[in-house]
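Both ligands and their constituent atoms are indexed starting at 1 by order of listing. This chain uses plain numbering: 1 for the first residue, then up along the sequence.
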Amino acid sequence: MANYPSWIEEKDEVLWLTEDDREHLQISYRLKKVIFSEQSPIQHVMIVESDDFGRMLVLDGVVQTTAMDGYIYNEMITHVPLQLHPNPKNVLIIGGGDCGAAREATKYPSLTQIDMVEIDELVVKACKEHLQEVSGNLHDPRVNFIFTDGLAFVQEKEDAYDVIIVDSSDPVGPAEALFEYDFYQNLHKALKKDGILVCQSQSPIFQQAIVKQTRTHFEKLFTDTKTYTAIVPTYPGGMWSFTIGTKGNPIEPGRVHFKNVDTNYFNQGVFESCFTLPEFLKRLVPNH
Ligand code: SAM
């Protein structure tokens, strides 16, 4: 077997990827082959071909997005804020190296600037070359790739963006600080007066403390804050949460002028219903 990292194992001539980031839960994927495997200064970057999910992006042994269901997450993190904002022009994406969120943002003709601040250039290179089911072979001149730490980038920004999307990896390593109050405070400052911030806030099943903490941070900063969910089969627990805050009008999807976009998951009904939470989440993070 080639010299693969420890999360790839060969059993009976079949390759398996086992995520080992959780102490009491291991998820394994049967692979057809490894397409790309390199260490960057930030993390280990892999693109693998799996049996059930097609091609997958794997960072430090943890699956980030897949050809099979990447569109669900990327559409939900991008279209919800871009629909809620009445006239978005300037967008900032922090993280999002698979380019899926940037690709979804390019569907809005009103946008003039899509800044994508990704800490690891190798993730973008690997996804543009080997994961076009997600990256869409992005070549839109409105997308500016900036390869730096999102944390430092936003410290300098004020009144600059209509919508900010934090498409981060899990809160460990380089993404840990992307879940902290100081960071959200800087993002709030970087938004224009009607600006909207959205971030992925982890699993409502396994990471309720993060869901709650993110909501509490947002509520201290924004005039209106809500939590919404989508089903993403790749992510542990299946159900995934997003937290959104606005400096402007209250979050009322039923009252906005819906902009038509070409999608696979998101539509007006999903937009209006994604804020309806099941009982256990209503108790944790009630949407008023
Ligand atoms: N959708 C995926 C999920 O929820 O698992 C995550 C998408 S994306 C691949 C996450 C990206 O955030 C990675 O490419 C990672 O390099 C980037 N990232 C992590 N920390 C960062 C930071 N401090 N600044 C900018 N990008 C960061």
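- In this structure, the protein non-hydrogen atom closest to atom 19 (C) of ligand 1 is Ser169 OG, 3.6 Å.
- For ligand 1, the polar-atom distance check finds an N/O of Pro174 within less than 3.5 Å of one of the ligand's N/O atoms.
- One finds a salt bridge joining Asp162 and Lys192 here, because a Lys/Arg side-chain nitrogen approaches an Asp/Glu carboxylate oxygen to under 4.0 Å.
- If you check the side chains of Ser201 and Thr243, you find a donor sitting under 3.5 Å from an acceptor.
- Residue-ligand proximity: Asp149 is placed with a non-hydrogen atom under 4.0 Å from ligand 1.
- Between Asp120 and ligand 1, no N or O atom pair is found at a separation short of 3.5 Å.
- Scanning the protein for heavy atoms near atom 12 (O) of ligand 1, the closest one is Gly95 CA, 3.4 Å.
- Note on ring orientation: taking the six-membered ring where Trp is involved, the planes of Trp7 and His44 are perpendicular (angle over 60°, cut-offs 30° and 60°).
- Polar contact check, Asp98 against ligand 1: no nitrogen or oxygen pair lies under 3.5 Å apart.
- Listed for the Asp167 side chain is no donor-acceptor partner under 3.5 Å among the backbone atoms of Gln200.
- The aromatic rings of Phe218 and Phe222 are tilted relative to each other, their planes meeting at an angle between 30° and 60°.
- The closest approach between a heavy atom of Thr65 and any atom of ligand 1 is not below 4.0 Å.
- Heavy-atom separations between Leu59 and ligand 1 include at least one value shorter than 4.0 Å.
- The shortest N or O to N or O distance between Tyr235 and ligand 1 is under 3.5 Å.
- Taking a cut-off of under 4.0 Å to the non-hydrogen atoms of Leu57, the atoms of ligand 1 that pass are 9 (C).
- What sits closest to atom 10 (C) of ligand 1 on the protein, heavy atoms only, is Asp167 O, 3.3 Å.
- Those atoms of ligand 1 with a heavy atom of Ala175 less than 4.0 angstrom away are 19 (C), 20 (N).
- Between Glu19 and the choices Leu25, Val58, Val63, Asp60, the side chain to side chain contact (heavy atoms under 4.5 Å, CB included) rule is met once, by Val63.
- For ligand 1, the atoms sitting less than 4.0 Å from at least one non-hydrogen atom of Tyr73 are 1 (N), 4 (O), numbered in the order shown with element in parentheses.
- Of the candidates Glu121, Gln43, Gln64, the one placing a heavy atom closest to atom 6 (C) of ligand 1 is Gln64.
- By the 4.5 Å heavy-atom criterion applied to side chains, Leu138 and Val143 are counted as neighbours.
- Nearest to atom 15 (C) of ligand 1 by heavy-atom distance, out of Glu118, Glu176, Gln202, Gln200, is Glu118.
- With Val91 as the partner, the side chain to side chain contact (heavy atoms under 4.5 Å, CB included) test is satisfied by one option alone out of Thr106, Thr112, Asp115, Leu82: Leu82.
- An N or O contact shorter than 3.5 Å is missing between Val123 and ligand 1 by distance.
- For a threshold of 3.5 Å applied to N or O pairs, the pair formed by Gly150 and ligand 1 contains at least one separation below that value.
- For the residues Val124, Val166, Ile119, Val62, the heavy atom positioned nearest atom 25 (C) of ligand 1 is part of Ile119.
- Phe242 has its ring centre less than 6.0 Å from the ring centre of Tyr73.
- Considering His85, His79, Lys89 as possible partners of Tyr108, the one that fulfils the side-chain hydrogen bond (donor to acceptor under 3.5 Å, both in side chains) test is His79.
- Which parts of ligand 1 touch Val117 is read off a 4.0 Å heavy-atom cut-off, strictly below it: atoms 25 (C), 26 (N).
- Under 3.5 Å, the side chains of Asp120 and Gln43 contain a donor-acceptor pair of N or O atoms.
- Panel note: side chain Gln26, backbone Thr18; no donor-acceptor pair is recorded below 3.5 Å.
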